[in-house]
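Presented below is the structure to which this report refers.
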There are 4 protein chains.
Amino acid sequence: MSLAADRPAQPAPARGRPRSEAVERAIIEGVMKLLEDGVPLADLSIERVARTAGVGKATIYRRWSGKEELFVDVLRTAEPPDPELPGTSMRDDLVVLLETLRRRGLASRSSAIMHNVYVQAKCSPRIWAAYEASVIAPRRALALDVLRRGQRDGELRTDIDVELANDMFVGAMLVRTVLRPDAGLPEGLAEEIVDTLIAGLRPVRPPAQ
Amino acid sequence: MSLAADRPAQPAPARGRPRSEAVERAIIEGVMKLLEDGVPLADLSIERVARTAGVGKATIYRRWSGKEELFVDVLRTAEPPDPELPGTSMRDDLVVLLETLRRRGLASRSSAIMHNVYVQAKCSPRIWAAYEASVIAPRRALALDVLRRGQRDGELRTDIDVELANDMFVGAMLVRTVLRPDAGLPEGLAEEIVDTLIAGLRPVRPPAQ
Amino acid sequence: MSLAADRPAQPAPARGRPRSEAVERAIIEGVMKLLEDGVPLADLSIERVARTAGVGKATIYRRWSGKEELFVDVLRTAEPPDPELPGTSMRDDLVVLLETLRRRGLASRSSAIMHNVYVQAKCSPRIWAAYEASVIAPRRALALDVLRRGQRDGELRTDIDVELANDMFVGAMLVRTVLRPDAGLPEGLAEEIVDTLIAGLRPVRPPAQ
Amino acid sequence: MSLAADRPAQPAPARGRPRSEAVERAIIEGVMKLLEDGVPLADLSIERVARTAGVGKATIYRRWSGKEELFVDVLRTAEPPDPELPGTSMRDDLVVLLETLRRRGLASRSSAIMHNVYVQAKCSPRIWAAYEASVIAPRRALALDVLRRGQRDGELRTDIDVELANDMFVGAMLVRTVLRPDAGLPEGLAEEIVDTLIAGLRPVRPPAQ
DNA sequence: GCCTAACCGAGACGGTACGTCACGTCTTTTA
DNA sequence: TAAAAGACGTGACGTACCGTCTCGGTTAGGC
């Protein structure tokens with residue numbers, strides 16, 4: 001669902017010429033192309049996007065109310081799909097979740113899209129809220145579920161705040177992808193983080209057999 | 001030390017009227033005042049800063065090459081001083097380091113300065129590098145020292161990558177201050193993180209005495 | 001015809017919103033108003049003209065490439081229309097031509113427009129060329145025609161360079177309007193100049209009949 | 001006498017270091033050099049003059065109150081000296097006077113100094129007045145004397161306004177030097193103008209012998 | 001032979017205007 | 001009615017000069 005989707009849900013009689021979906025795609029892909037070509041985010045004006053996409057400015061403003069709204073949609077389009085969890089254990093599920101983060105970090109660096117747009121989104125409280133609600137929160141809920149299931153199944157100490165635990169898992173990977181991208185994101189990083197943390201977060205005594 | 005201070009260390013004959021330090025302070029404090037007054041970072045033009053500080057635009061450009069460079073100095077000025085480490089144990093030192101981060105997060109939210117300017121700095125690789133080198137790296141080196149000392153003193157498993165360990169400590173706090181500021185930063189958070197992580201990172205057996 | 005009218009004669013499909021002629025008029029009249037109000041020419045910035053006309057700077061620069069080009073159009077707009085020649089004799093035609101010059105001189109002084117803008121235009125070779133070609137040259141051609149017709153009809157010595165003769169007629173009036181405006185431009189001046197000069201320039205003997 | 005010579009006539013105790021005349025010359029010649037190098041007058045800023053002359057801005061402002069005052073002195077310095085009149089006849093004197101004008105016109109075109117600075121001076125009423133009083137008026141008085149002597153000696157009709165007569169002589173040359181520099185200033189021009197005009201301005205009957 | 005006032009270069013200072021660019025809105029024509 | 005095109009008022013950009021004001025460092029008299 002688009003932020004720009006202030007269009008009524010019930011299709012409305014649809015008078016006049018309908019909006020072209022091709023144009024919508026052309027705009028979003030125009031933004032991505034520019035970012036991939038190394039254009040700094042600050043140099044990305046609506047005017048330039050319109051020029052690149054071969055589109056009138058009004059056509060953009062008809063869909064998004066400004067630069068930030070547009071970027072949220074770009075961010076969402078580029079976001080990898082939610083990972084499929086194996087469900088074999090809390091540990092395996094966490095590894096898959098972190099591995100998704102890791103791969104996104106890799107993609108960001110290689111494509112130069114995510115890192116900057118993400119940071120830009122962070123600048124605008126309104127936009128960040130939209131991005132948080134539609135992308136981050138669901139994935140976070142997923143992770144919390146996994147952790148709670150871990151507590152129920154005896155894979156995680158029950159006296160631990162699962163929110164804090166999640167912050168630890170995510171935080172370690174976040175530092176690597178956002179704060180210290182130069183440190184690299186080696187292949188086994190997700191497993192290493194999960195195992196290291198679990199080693200300490202597991203109950204001191206094994207659950208009653 | 002100022003970013004703008006690329007003036008040679010050996011004073012150089014110092015010809016012409018010297019730059020006024022009062023003006024320099026007025027500019028930086030003008031930026032802070034505006035941010036504290038709730039002006040969105042995007043609305044902070046050089047022109048407006050100049051107007052607020054009662055200063056000519058050229059006087060700003062004489063010291064900083066643009067908005068970002070100026071913000072790095074603002075960031076640096078607002079940065080709390082390096083904490084004094086008790087040195088009683090690795091655990092206590094880490095708590096103090098994380099507590100500093102936590103308090104900065106609190107201050108940021110209350111003053112509205114840090115969060116936005118920090119994010120803005122992150123947008124520009126060049127500026128981020130300057131900030132990273134002059135503020136982040138030293139503090140990180142401090143933390144790594146603490147961790148290595150911990151390994152030597154038997155407070156931390158020796159088979160652990162201290163860099164990864166540091167990412168975990170910092171990351172957990174970072175998620176709370178940057179990504180989820182709404183979750184709050186309760187008083188005992190630093191201790192909770194450190195103890196929780198150490199609980200698992202400590203060696204299974206005490207080092208041979 | 002406007003200097004700015006480098007737009008092709010054949011209309012070109014005329015895409016996009018057309019330029020507003022009202023805006024064009026507002027700008028030129030804004031300049032005139034300022035000059036009439038006694039603003040020194042040196043204080044006439046594009047910024048001020050835009051402010052006065054209630055117009056964006058870009059709207060001015062879209063039409064004129066700078067201050068001088070704009071002034072040429074102001075000059076042209078304020079220029080009195082070409083006089084209608086009686087055609088009764090060379091002498092009468094010349095009086096009418098000079099009388100036009102005299103009246104322009106009077107208007108210039110009273111309105112404060114012409115004198116300064118004219119001199120300003122003179123400063124820029126490029127602008128002067130444009131003004132010369134579109135305003136001065138046609139009127140000069142007219143005068144040369146009158147003089148040549150005078151030679152043909154026996155009103156002017158045939159051994160005289162008509163260009164030099166014209167310079168004498170025009171020059172006398174020019175000194176009064178530009179160089180010595182304080183000397184005044186009394187009513188009969190045009191006739192006095194023409195008659196005085198003709199008295200000497202006529203052939204000593206009437207042309208052979 | 002310099003415009004800048006607001007220094008009191010009675011020397012005043014003259015304490016402190018006296019102003020350097022060498023500096024004064026360097027500034028004026030710096031302006032001339034720039035003009036000769038084809039720098040447009042509009043691009044001649046005080047800052048640039050100071051840079052060229054290797055002089056502080058304050059040193060210029062200490063002597064002249066602004067750009068225009070400086071230019072008047074430049075103009076005066078470049079002005080050719082008053083011609084020496086042969087005194088053999090009004091006609092010969094007038095030829096010499098006009099020849100001076102012609103040569104100044106030639107020099108202007110070749111050196112590119114006079115034309116622009118002259119026009120610039122014309123822009124500022126105050127400056128023009130100073131230039132008019134110190135350069136033009138004396139030469140004009142000289143010419144009027146010559147003409148009056150001509151009337152007395154029977155070389156000029158007595159029913160003619162000598163001021164108007166002078167405007168005719170000067171005007172014809174002025175048109176050639178200022179308004180139509182492309183027409184050229186051929187060698188015999190001064191004589192041609194004087195003779196052509198005199199031919200008509202002389203009394204119809206020769207003075208009583 | 002100092003003293004000291006004014007000069008000199010350099011350049012910082014608060015300003016104003018430059019000409020360009022992007023903003024978000026608006027009017028055109030064309031489809 | 002949507003779409004491309006582009007004009008419109010607004011206002012920030014970074015630069016260049018304006019004329020004034022410090023700076024440190026000469027240069028002359030007058031003591």
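Quick note on labels: first sequence line is chain A, next is B, and so on, each numbered from 1.
- What separates CD1 of A:I46 from C1' of E:dT25 is a distance of 14 Å, to the nearest Å.
- Of all heavy-atom pairs between D:E24 and D:W64, the closest is CG-CH2, 4.0 Å.
- Take the nearest nucleotide of DNA chain F for D:G66 and for B:G66: the residue whose nucleotide is more 5' is B:G66.
- The nearest pair of heavy atoms linking C:A50 to C:G56 is CB-C, 4.3 Å.
- The interatomic distance linking A:I60 (CD1) with F:dA2 (P) rounds to 16 Å, in whole Å.
- If you run side-chain contact (heavy atoms from CB on, under 4.5 Å) between B:T52 and each of B:V31, B:L34, B:I27, only B:L34 comes through.
- Rounded to an integer number of Å, the gap from OH of C:Y61 to P of F:dG9 is 15 Å.
- Judged by distance alone, the side chain of B:R51 and the main-chain N or O of B:I46 form no donor-acceptor pair under 3.5 Å.
- In this structure, A:E68 places its CD atom 11 Å from P of E:dC23, rounding to the nearest Å.
- If you take CD of D:E69 and P of F:dC18, they are 14 Å apart, rounded to a whole angstrom.
- When rounded to the nearest whole Å, the span between CG of A:L70 and P of E:dC23 equals 11 Å.
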For nucleotides 10-14 of chain E, tabulate all protein N/O to nucleotide N/O atom pairs closer than 3.5 Å, reporting atom names and distance.
residue : atom : partner : partner atom : Å
E:dA12  : O4'  : B:R17   : O            : 3.2
E:dA12  : N3   : B:R17   : NH1          : 3.4
E:dC13  : OP1  : B:S20   : N            : 3.0
E:dC13  : OP1  : B:R63   : NH2          : 2.9
E:dC13  : OP2  : B:R62   : NH1          : 3.0
E:dC13  : OP2  : B:R63   : NH1          : 2.8
E:dG14  : OP2  : B:G56   : N            : 3.4
E:dG14  : OP2  : B:T59   : OG1          : 2.8

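- No donor-acceptor pair under 3.5 Å is formed between the side chain of A:R63 and the backbone N or O of A:L70.
- Per the geometry, CG belonging to B:L44 stands 15 Å off C1' belonging to F:dC13, to the nearest Å.
- Salt bridge annotation for D:K57-D:E47: present, with a cationic side-chain nitrogen under 4.0 angstrom from a carboxylate oxygen.
- Distance CZ (C:R48) to P (E:dC18): 11 Å, rounded to an integer number of Å.
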